[in-house]
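The structure appears right after this line, and notes come after that.
Lettering follows sequence order; numbering is per chain, from 1. Since this is a predicted model, take the numbers as computed values, not measurements.
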Number of protein chains: 2
Amino acid sequence: MARPKSFDRENPGSLYDTFDDKHGLFLESVTLYRRTVVARRLEKLDEPGPARDRIAAFFEDVIRFSLGEGRLLGCLMTNSAIELAPRDRDTALAVAANFAEVESAFRKVLRRAQVAGEIAADRPVEDLARYLTSGLQGLRVMAKAQQDEAALRSVVRLMLATLD
Amino acid sequence: MARPKSFDRENPGSLYDTFDDKHGLFLESVTLYRRTVVARRLEKLDEPGPARDRIAAFFEDVIRFSLGEGRLLGCLMTNSAIELAPRDRDTALAVAANFAEVESAFRKVLRRAQVAGEIAADRPVEDLARYLTSGLQGLRVMAKAQQDEAALRSVVRLMLATLD
DNA sequence: TCCATATTTGAGCGATCGTTCAAAAATCCG
DNA sequence: CGGATTTTTGAACGATCGCTCAAATATGGA
């Protein structure tokens, strides 16, 4: 794990006073990330306007981020799921809770779309929300290997077609 | 990176004679993985029978692997995409080539399905193949966080519905 | 002001990392 | 056989890891 010199060469002690150990510091970082980065992103699904457009805009944002600002780092939750979750129970719990949160946000907007008549009332909202969450993770992986914006957009287009 | 003691405490030299360095060894491992594990899995898409059933069986295999034998390690290509690709050009190239290969295998089976009349001739095979590849990666991430077989299967069900 | 207490500091511990290489052992050739 | 060559061996290097703690400094109360 990268560590700025100011934290471990000049004054590692303060870090170990505040958090118990490296693992504790990491878990706190995950919590902070969820409360800021993830929360902010999910809020976008709640914005006014046609619910389906909100979902499309959400994925458009993710693509832009993945190919731009977040090209190197990607998403901490996706990275943690792949790198840490299988061998670290605490991380696994945090990641599972995060995915549940994302799913919940999708459910909310999908129900809104149903009420607005944009999505048929008999579509399985729970399954669709999970499907979108999984598809989101797929995009994050794909974006790391090929920076082809048009390709990623075509994936999103087919994902959104499932809502019809 | 895990290293069996026999390789680096008893005789690290032989390893450095065979491969230049740790990075070279890793790239050789990726190549071997693609030629064995990935190739074997993709062959399943070529087996006889209705093409759509082949795709369904393929994803069923992936779910079984992800929750069973591969629960801890997962897929080397997915892991490499997330962990290494953004900072290592060689890995990025190998992962991109791998995903292209997966996509190509999906295209092949989708075309077969079109010829057999199982999938409408006007469906965009290229986009669908990429969509399935991305969806596959999504499953691999989801499986690391929640070992819920029914949930993963419901995702696959919706993915396959896109083929209709 | 003076002492007690709290905070900041960075040197440094033992472990492991990626890697090298001299010495020992095995193998080959005449 | 014997000597030259190749292979095997594991000790060890410098860097970095996660982490600790005594000493230096700052701060608070009397």
Side-chain angles (χ1 to χ4, degrees), chain A residues 1-38 70-98 141 144-145, chain B residues 1-38 70-98 141 144-145:
Chain A
M1 215 171 288
R3 29 183 216 178
K5 94 171 71 176
S6 57
F7 278 171
D8 73 354
R9 259 207 291 288
E10 283 166 20
N11 185 7
S14 88
L15 197 155
Y16 286 90
D17 285 347
T18 309
F19 311 97
D20 280 4
D21 51 16
K22 189 193 148 174
H23 189 243
L25 166 59
F26 175 73
L27 291 177
E28 281 302 315
S29 308
V30 167
T31 299
L32 180 63
Y33 185 88
R34 290 181 59 195
R35 282 205 305 244
T36 54
V37 180
V38 176
R71 191 162 24 115
L72 290 178
L73 295 180
C75 167
L76 179 61
M77 305 320 298
T78 308
N79 300 353
S80 300
I82 291 294
E83 299 187 38
L84 272 8
R87 316 197 93 89
D88 175 37
R89 194 159 236 107
D90 296 325
T91 299
L93 285 172
V95 170
N98 180 75
V141 177
K144 295 245 188 172
Chain B
M1 215 171 287
R3 34 183 214 177
K5 94 168 73 170
S6 57
F7 278 170
D8 74 354
R9 258 207 292 287
E10 283 166 19
N11 184 8
S14 87
L15 198 155
Y16 285 89
D17 285 347
T18 309
F19 312 97
D20 281 4
D21 51 15
K22 188 193 147 171
H23 189 242
L25 166 59
F26 175 74
L27 290 177
E28 281 302 314
S29 308
V30 167
T31 299
L32 180 63
Y33 185 89
R34 289 182 59 196
R35 283 204 306 242
T36 55
V37 180
V38 176
R71 194 165 19 122
L72 289 178
L73 293 179
C75 167
L76 180 60
M77 306 319 300
T78 308
N79 299 353
S80 300
I82 291 295
E83 298 187 39
L84 271 8
R87 316 197 94 88
D88 175 36
R89 193 159 237 106
D90 296 325
T91 300
L93 285 171
V95 170
N98 180 76
V141 177
K144 296 245 188 171

Steps toward side-chain contact (heavy atoms from CB on, under 4.5 Å) verdict (A/H23, A/L84)
CA-CA 11 Å; A/H23 189 243; A/L84 272 8; over 6 Å; no
Whole-Å gap separating [atom2] ([N]) and [atom1] ([X]):
X     : N      : atom1 : atom2 : result
B/N11 : C/dA26 : CG    : P     : 14 Å
A/Y16 : C/dT9  : OH    : C1'   : 16 Å
A/D17 : C/dT7  : CG    : C1'   : 9 Å
B/F26 : C/dC17 : CZ    : P     : 17 Å
B/H23 : C/dT19 : NE2   : P     : 11 Å
B/D21 : C/dT20 : CG    : P     : 8 Å
B/L15 : D/dT9  : CG    : C1'   : 14 Å
B/L25 : C/dC17 : CG    : C1'   : 15 Å

| query | Is the shortest heavy-atom distance from the side chain of B/V30 to the side chain of B/T91 under 4.5 Å? | reply |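 They are not in contact (no side-chain heavy atoms under 4.5 Å apart), so the answer is no.
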- With a 4.5 Å limit on heavy-atom distance, are the side chains of B/L15 and B/L25 in contact?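 In contact.
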Between B/L73 and A/R87, does the side-chain contact (heavy atoms from CB on, under 4.5 Å) criterion hold? Intermediate values first, please. CA-CA 9 Å; B/L73 293 179; A/R87 316 197 93 89; 4.1 Å; yes
Which nucleotide wins on minimum distance to the side chain of B/P12, given the candidates D/dT20, D/dA11, C/dG18?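 Of D/dT20, D/dA11, C/dG18, D/dA11 is nearest to the side chain of B/P12.
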